[in-house]
Amino acid sequence: MGNWVENEGLSIFVVLVWLGLNVFLFWWFYLAYDLPQNFFYTRVLLGRALALARAPAACLNFNCMLILLPVCRNLLSFLRGSSACCSTRVRRQLDRNLTFHKMVAWMIALHTAIHTIAHLFNVEWSVHARVEEEGTLAAVLSRLGDSPDESYINFYRQTIPNPVGGLYVAFTYLAGLTGVIITLALILIITSSTKIIRRSYFEVFWYTHHLFVIFFIGLVIHGAGRIVRGQTAESLAEHIPEMCSKNFTEWGKKGACPVPQFAGNPPMTWKWVVGPMFLYLCERLVRFWRSQQKVVITKVVIHPFKTIELQMMKKGFKMEVGQYIFVKCPAVSKLEWHPFTLTSAPEEDYFSIHVRIVGDWTEGLFNACGCDKQEFQEAWKLPKIAVDGPFGTASEDVFSYETVMLVGAGIGVTPFASVLKSVWYKYCHDATNLKLKKIYFYWLCRDTHAFEWFADLLQSLETQMQERNNAEFLSYNIYLTGWDETQATHFVMHHEEEKDVITGLKQKTLYGRPNWENEFKTIARQHPGSRIGVFLCGPEGLADTLNKQSISNSEADPRGVHFIFNKENF
């Protein structure tokens, strides 16, 4: 079970605490509206739907309090970089911020659905009670407030029957209108957050996600109409509902129960969300301030396989291996920010990213940098770039292990470019203090051209290790997962050559996909009793495979070998 906790993202403890708080809040607020005497008459009108609407509302407040915290990138980076308050295990949980963000979002969706359905019944019954013929307790309660000295309990004051009455509530009452708006905003946010939309239409995802501003504004003022009303404490002292409800036709007469008085519940949502909203506002101000700092593009390199490299400089910019930045190019879009892993090393005097051209924004950046032109592009013609970051990721912990497995798929190799460059620089100067003793590097690619921009780095590292008589430090395996018949014939003819025909490296390219079970078992045998870091930047399917292998090949004995799985999330 311990291995599952370490490898499966968020720890079981965190998830159970969060789920437990949701269950507790739901049950507590359900009973708070289903049992007390001050809501006795409200329950007469609305039945159990009252408690079924208020319980998920409390859970919504709790989860809306949490939803913004995982996306406060600067706050998380500060906490992650503070060794005083963050152990390695805590940092691993901070790296799962987007996983938690998604879980909270789905919980918000669930409670929104329950809350909305319950209120549909509440509106139906409130309208029906208002137009009901006299003679019932519900009808008498609904007519309270028609006289000047009375306070109402039924928020619906018109006499328009359903279904028009229900629509009237939805589009003319503050609670109804804000409820419709925030529900529509939530639907758009969630549906545009699917993997297909994010990958293929990132701009749609980006723009609709900013509907959260409308969502939170609507959420805060949603309860200002005070449509949920209960009997006041003063009225309860002289009007006991369980006794007086039996003689409701005599209310207000001499010797009988007085007419009950009611008041609306004050809005509470703002108390839950004001803190996170303030933190997020500070987050956005910090981002804006950093985005105004000057960034200079010093070099643009066009690599094969529709990939460009941007080398940049910014005053005061400091980074660690494996970190990422957000980039905005106003010439392409004045609002959109996109995340990119840094491919430079901290030891270099510039920072760089590799951008694969896969969508409208990246295509626009490609053209703005003049990469679509044949002639040389003057530096002053390069577009302005805004940068926010850097932000920490799991790859920062690479140097915390003696043995690591680095697995990159396609362009997912970029975080490890930074790691391997930093290793190279450390070996060029002094590697005696380097805790990392062994790297197993795996790169999976579909196309031979994708290897070219990274092969130079591997060649430099390969040469450096041989000169230092430490060739065993880096074991790398490059897998070509796609090829045609002509390529296969060419590979076979040149297989006996000293260097690989594709990469120019001494290590030959392998074809197909790794047998991960064999790889893990082999590494486990070579490093008994070790904690081995497994770092991936690649697709979810590969993440599931490596995570399962990390768990199944870790020993139950604390002194045995343990594979610790880490995946890039941004």
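It should be emphasised that the depicted structure is a prediction, and the values quoted were computed from it without experimental measurement.
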Checking His354, Glu309, Glu348 against Thr343 for side-chain hydrogen bond (donor to acceptor under 3.5 Å, both in side chains), the one that qualifies is His354
Are Asn553 and Ile523 packed together at the side-chain level, in the sense that at least one heavy-atom pair is separated by less than 4.5 angstrom? no
To the nearest 0.5 Å, tell me how far Phe62 CZ sits from Asn22 CG. 5.5 Å
Minimum heavy-atom separation for Val332 to Ala368, with atom names? CG2-CB, 4.4 Å
Within the 6.0 Å centroid threshold, strictly below: Tyr280 and Phe212: yes
Can you establish whether the number of heavy atoms outside Arg513 located under 6.0 Å from its atom CZ is more than 12? no
Tell me whether the rings of Phe520 and Trp516 are parallel (<30°), tilted (30 to 60°) or perpendicular (>60°). perpendicular
Side chain to side chain contact (heavy atoms under 4.5 Å, CB included) for Leu60 and Ile108? Distances and angles first, verdict last. CA-CA 6 Å; Leu60 275 171; Ile108 288 174; 3.7 Å; yes
Side-chain touch Trp18/Val104, heavy atoms, less than 4.5 angstrom: yes
Measure across Ile385 and Cys329 and return the closest heavy-atom pair with its distance rounded to 0.1 Å. CD1-CB, 3.9 Å
Testing the basics here: between Leu436 and Glu402, what is the closest heavy-atom pair and its distance to 0.1 Å? CD1-O, 3.6 Å
Report yes if some heavy atom in the side chain of Pro346 is under 4.5 Å from a heavy atom in the side chain of Val321; otherwise report no. yes
Close side-chain approach of Arg96 and Val14, heavy atoms under 4.5 Å: no
Tightest non-hydrogen contact, residues Ala109 and Leu186, listed as CA-CD2, 4.1 Å
From CG (Asn74) to CD (Glu283), nearest 0.5 Å: 4.0 Å
With a 4.5 Å heavy-atom cut-off, do Phe351 and Ile325 have their side chains touching? yes
Out of curiosity, Phe535 CZ to Leu546 CG, how far, rounded to the nearest 0.5 Å? 12.5 Å
Does Ile196 have more than 12 heavy atoms from other residues, nucleotides or ligands lying within 6.0 Å of its CD1? no
Is NZ or CZ of Lys328 both nearer than 6.0 Å to the six-membered ring centre of Phe326 and within 45° of the ring axis? no
Are Ile67 and Pro276 packed together at the side-chain level, in the sense that at least one heavy-atom pair is separated by less than 4.5 angstrom? no
Of all heavy-atom pairs linking Ser344 and Ser352, the shortest is OG-N, 3.0 Å
Could you go through the side-chain hydrogen bond (donor to acceptor under 3.5 Å, both in side chains) check for Tyr442 and Glu519 one step at a time? CA-CA 10 Å; Tyr442 299 84; Glu519 296 293 333; 2.6 Å; yes
Decide yes or no for Val15 and Met103: does some side-chain heavy atom of the first lie under 4.5 Å from some side-chain heavy atom of the second? yes
Does OH in Tyr201 sit with more than 12 non-hydrogen atoms of other residues, nucleotides or ligands closer than 6.0 Å? no
Indicate the atoms forming the closest heavy-atom contact of Arg198 with Ser193, along with that distance. NH1-O, 2.6 Å
More than 12 non-hydrogen atoms from neighbouring residues, nucleotides or ligands closer than 6.0 Å to NZ on Lys314, yes or no? yes
Let's go through Trp106 and Ile190 carefully: what are the C-alpha distance in whole Å and the side-chain angles of both, what is the deciding distance for side chain to side chain contact (heavy atoms under 4.5 Å, CB included) to 0.1 Å, and is it a yes or a no? CA-CA 8 Å; Trp106 284 115; Ile190 291 177; 3.8 Å; yes
Kindly indicate, with the supporting measurements, whether the criterion side chain to side chain contact (heavy atoms under 4.5 Å, CB included) is fulfilled by Lys315 and Gln293. CA-CA 8 Å; Lys315 186 178 180 180; Gln293 296 174 331; over 6 Å; no
Just verifying a value: how many Å separate Arg356 CZ and Phe366 CZ, rounded to the nearest 0.5 Å? 14.0 Å
Working to the nearest 0.5 Å, report the span between OH of Tyr207 and CG of Leu188. 16.0 Å
With under 30° as parallel and over 60° as perpendicular, where do the rings of Tyr324 and Phe391 fit, or are they tilted in between? tilted
From Ile189 atom CD1 to Phe205 atom CZ, the distance as rounded to the nearest 0.5 Å: 10.0 Å
Before you tell me yes or no, could you show the steps for Ser333 and Trp206 under side chain to side chain contact (heavy atoms under 4.5 Å, CB included), namely the whole-Å CA-CA distance, both residues' side-chain angles and the distance that decides it to 0.1 Å? CA-CA 12 Å; Ser333 173; Trp206 195 91; over 6 Å; no
Any heavy-atom pair between the side chains of Leu365 and Trp361 that's under 4.5 Å? yes
Is the distance between the ring centroids of His527 and Tyr401 under 6.0 Å? no
